[in-house]
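Take a look at the structure set out below.
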Amino acid sequence: MTKFNYILTRHAKKRMRERNISEKEVEKALKYPDMTYPGKRGEINIIKQIKEDKKIRLVYKEEKTSKIIITAIVIN
């Protein structure tokens, strides 16, 4: 898997722990998003079906050299 330049904020790491989202799943979502759409404040949202019963949404800001992951959410 290609390594992405991204930074997980403290908030994103906390939410990943709480919601059982691995860094590998974050990388998979970044590399192969099922859907991408803009947020209201310039952020980018991506949706990825990880498993049959697990879909995640990542919210990030695009910087010059990396993506700043703001939060990670499990959605139904």
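Throughout, residue positions are numbered sequentially from 1 according to the sequence presented.
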(request) With sequence neighbours excluded, tell me which residues meet side-chain contact (heavy atoms from CB on, under 4.5 Å) with Arg19. (result)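 Arg19: side-chain contact (heavy atoms from CB on, under 4.5 Å) contacts with Arg15, Ile21, Thr71, Ile73, Val74.
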
(request) For Lys54, check salt bridge (Lys or Arg N to Asp or Glu O under 4.0 Å) against everything at least two apart and list the hits. (result)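 Partners of Lys54 under the salt bridge (Lys or Arg N to Asp or Glu O under 4.0 Å) test: Glu25.
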
(request) Please check if Ile47 and Leu58 belong to a single hydrophobic cluster, counting links between Ile, Leu, Val, Met, Phe, Trp and Tyr side chain heavy atoms closer than 4.5 Å. (result)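 No: no chain of side-chain contacts under 4.5 Å links Ile47 to Leu58.
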
(request) Please answer: with hydrophobic residues joined when any side-chain heavy atoms are less than 4.5 Å apart, are Met16 and Tyr6 in the same cluster? (result)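 They do share one cluster, since a chain of ILVMFWY contacts under 4.5 Å joins Met16 to Tyr6.
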
For the [atom1] atom of [X] and the [atom2] atom of [Y], what is their distance to the nearest 0.5 Å?
| X | Y | atom1 | atom2 | value |
| --- | --- | --- | --- | --- |
| Leu30 | Glu23 | CG | CD | 10.0 Å |
| Lys24 | Ile50 | NZ | CD1 | 11.0 Å |
| Ile69 | Ile46 | CD1 | CD1 | 6.5 Å |

Listing, residues 33-41 side-chain donor-acceptor contacts under 3.5 Å, not counting sequence neighbours, or none:
unit_1 : atom_1 : unit_2 : atom_2 : d
Asp34  : OD1    : Lys48  : NZ     : 3.3
Asp34  : OD2    : Gln49  : N      : 2.7

(request) Quick one: name the residues clustered hydrophobically with Ile7, using the 4.5 Å side-chain heavy-atom rule over I, L, V, M, F, W, Y, and just say none if it's on its own. (result)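 When side chains under 4.5 Å apart are linked, the cluster holding Ile7 also contains Ile68.
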
(message) Tell me which pairs pass side-chain hydrogen bond (donor to acceptor under 3.5 Å, both in side chains) where either residue lies in residues 56-65, with sequence neighbours left out.
(response)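 Those involving residues 56-65 are Asn45-Arg57.
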
